[in-house]
Student: 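Before anything else, here's the structure in question.
Note that the coordinates shown come from a computational prediction; the quantities given were computed from them, not determined experimentally. Order of the sequence lines sets the chain letters (A, B, ...), proteins ahead of strands, with each chain counted from 1.
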Amino acid sequence: MRVTVQLFARLGDLAGRREETYDLAPGARAADVWQAVVTAHPDVRALAGAVSCAINADFAPLTAEVHDDDEVAFLPPVSGGAGQDDRHQR
Amino acid sequence: MRVTVQLFARLGDLAGRREETYDLAPGARAADVWQAVVTAHPDVRALAGAVSCAINADFAPLTAEVHDDDEVAFLPPVSGGAGQDDRHQR
Amino acid sequence: MYTDRMIVEPLAVLRQPLSVETLVARLEADTRGAGEGCGAVATFIGIVRATSQGRQVRHLEYEAFAPLAVKVFQGIADEARREWHDVHVGVHHRVGRLMVGETSVVVAAAAAHRDAACRACRYTIERVKQIAPIWKHEYFEDGDAWVEGAVADPADDRARLAARACACA
Amino acid sequence: MYTDRMIVEPLAVLRQPLSVETLVARLEADTRGAGEGCGAVATFIGIVRATSQGRQVRHLEYEAFAPLAVKVFQGIADEARREWHDVHVGVHHRVGRLMVGETSVVVAAAAAHRDAACRACRYTIERVKQIAPIWKHEYFEDGDAWVEGAVADPADDRARLAARACACA
């Protein structure tokens with residue numbers, strides 16, 4: 001089964017791309033998709049533990065099962081209310 | 001000495017006019033001007049005790065002395081924060 | 001409505017329709033160079049409602065003692081700046097005949113950050129309602145009414161603290 | 001910016017410059033027929049500041065996951081209506097490159113009376129900042145930075161209550 005993955009903001013920068021497709025075994029969960037992304041782009045690990053997930057443009061837990069043709073999005077922390085230490089500078 | 005009097009909003013309606021001049025004895029205070037207005041237009045008494053005063057477009061107490069050529073304004077209560085019972089209906 | 005967006009006075013009593021964008025642009029310009037600059041503008045827009053206490057409104061007439069009103073606005077703006085450093089406050093109040101849906105007042109507060117902007121805006125509209133020499137005359141299908149609240153007294157500290165409590169809760 | 005002021009959606013992610021008046025007009029129209037009608041609109045306008053943490057900003061880039069962002073805005077609007085009856089909430093967030101002084105977000109809340117409008121507006125901007133899938137990329141003269149706060153979680157009740165506390169204090 002094939003899913004489309006969207007990587008937003010710094011996550012897309014770290015991966016070097018914002019959208020790609022992955023082939024996964026049936027029964028895979030969002031966490032497995034994330035693992036596939038980490039394997040393909042080890043730099044995204046910088047955001048491990050601070051990523052939210054959406055399936056077909058609805059928030060979903062990483063335990064949610066994904067299905068063929070699903071769009072799975074991974075979201076870094078959002079800007080709002082960021083304090084002094086929440087900048088990721090270059 | 002002569003002062004110009006301005007009567008705003010319901011006060012002007014009650015008096016039937018919004019601006020007039022009064023001749024007063026030297027040393028008169030704003031309260032004396034108000035008394036002259038009440039004498040000329042007894043209906044404004046409806047607002048006695050609920051009127052603020054401004055002399056030359058600055059708030060002033062009724063005890064303030066007025067001078068020749070002063071503009072003395074009398075102001076009914078303002079609209080802000082008016083509750084259910086603060087309408088003066090016709 | 002304004003021939004030049006920038007020459008609009010931030011504190012004014014106006015006979016023509018009010019423009020939120022115009023006042024916001026002016027305050028943004030005023031605030032940009034101060035302190036941390038302008039990152040937030042909060043506005044309050046008062047609009048003529050179709051009904052008042054269950055009666056159908058035909059129109060309103062607002063009357064102001066304009067020169068005193070502008071001084072009162074300035075006093076309120078000064079109070080807001082003492083409370084919220086580097087905030088810039090604007091007040092445009094309309095007078096004359098207003099129809100349902102029209103804007104009677106625009107308050108705007110500009111600051112570097114949203115907390116100060118939101119609080120200063122709320123404070124300002126509360127103070128304007130308390131002490132600005134402006135009167136509302138409601139015209140209904142079947143009569144009319146002057147709306148009268150409290151006697152305006154800028155020196156009344158209880159009123160000032162009540163407005164502050166609204167903003168600072 | 002809009003060909004028809006009335007067809008603007010109240011909840012949207014937009015690439016073009018935002019118009020406060022357009023959103024306010026839409027909400028006034030939506031609120032006029034509900035309950036006591038529309039007497040108050042509170043707005044919050046977020047503006048690009050010239051400096052961020054002491055660094056000179058050249059421009060910003062906002063990125064959004066637009067379809068999810070609009071759903072999140074809708075969820076926030078529903079929350080606000082549960083709290084403040086008959087309030088109508090609008091959120092326009094801009095994406096793409098923004099220069100200093102440009103508006104990044106407009107939040108508006110319309111209601112019969114000012115207390116509900118002011119509180120719902122403040123609540124909404126707090127919630128948008130907490131949970132909308134929108135990211136800010138700052139470009140300075142000498143580098144750039146993604147601004148990251150908290151992990152967005154619309155179901156996190158502590159965050160919701162913190163926003164409510166801001167509005168309801």
Student: Show the nearest heavy-atom pair for residues Val78(A) and Ile134(D), with the distance to one decimal.
Tutor: CB-O, 3.8 Å
Student: So, are Arg10(A) and Glu63(D) salt-bridged, with charged N and O less than 4.0 Å apart?
Tutor: no
Student: Residues of residues 28-49 of chain A under 4.5 Å from chain D (heavy atom pairs)?
Tutor: Leu47(A)
Student: With a 3.5 Å distance limit and no angle check, can you tell me whether Trp135(D) reaches the backbone of Pro76(A) through a side-chain donor-acceptor pair?
Tutor: yes
Student: Please state whether the side chain, the backbone, both or neither of Ile125(D) comes within less than 4.5 Å of a heavy atom of chain A.
Tutor: neither
Student: Could you give the distance from CD (Glu148(D)) to OG (Ser79(A)), rounded to the nearest 0.5 Å?
Tutor: 8.0 Å
Student: Select all residues of residues 52-67 of chain A having any heavy atom within less than 4.5 Å of some heavy atom of chain D, and report them by number, or 'none'.
Tutor: Ser52(A), Ala54(A), Asn56(A), Ala57(A), Asp58(A), Phe59(A)
Student: As an exercise, state the distance from CD of Glu71(A) to CG of Leu68(D), rounded to the nearest 0.5 Å.
Tutor: 11.5 Å
Student: Sequence neighbours left out, what passes side-chain hydrogen bond (donor to acceptor under 3.5 Å, both in side chains) with Asp30(D)? Give chain and number order.
Tutor: Arg26(D)
Student: Please state whether the side chain, the backbone, both or neither of Ala155(D) comes within less than 4.5 Å of a heavy atom of chain A.
Tutor: neither
Student: When you look at CZ of Arg18(A), are more than 12 heavy atoms from neighbouring residues, nucleotides or ligands closer to it than 6.0 Å?
Tutor: yes
Student: What's the spacing between Asp13(A) CG and Asp144(D) CG if we round to 0.5 Å?
Tutor: 8.0 Å
Student: At under 4.5 Å between heavy atoms, what parts of residues 70-85 of chain D are in contact with chain A? List them by residue number.
Tutor: Lys71(D), Val72(D)
Student: For Ala64(D), is it the side chain, the backbone, both, or neither that has a heavy atom closer than 4.5 Å to a heavy atom of chain A?
Tutor: backbone
Student: With rounding to the nearest 0.5 Å, note down the distance linking CG in Leu11(A) to CH2 in Trp146(D).
Tutor: 10.0 Å
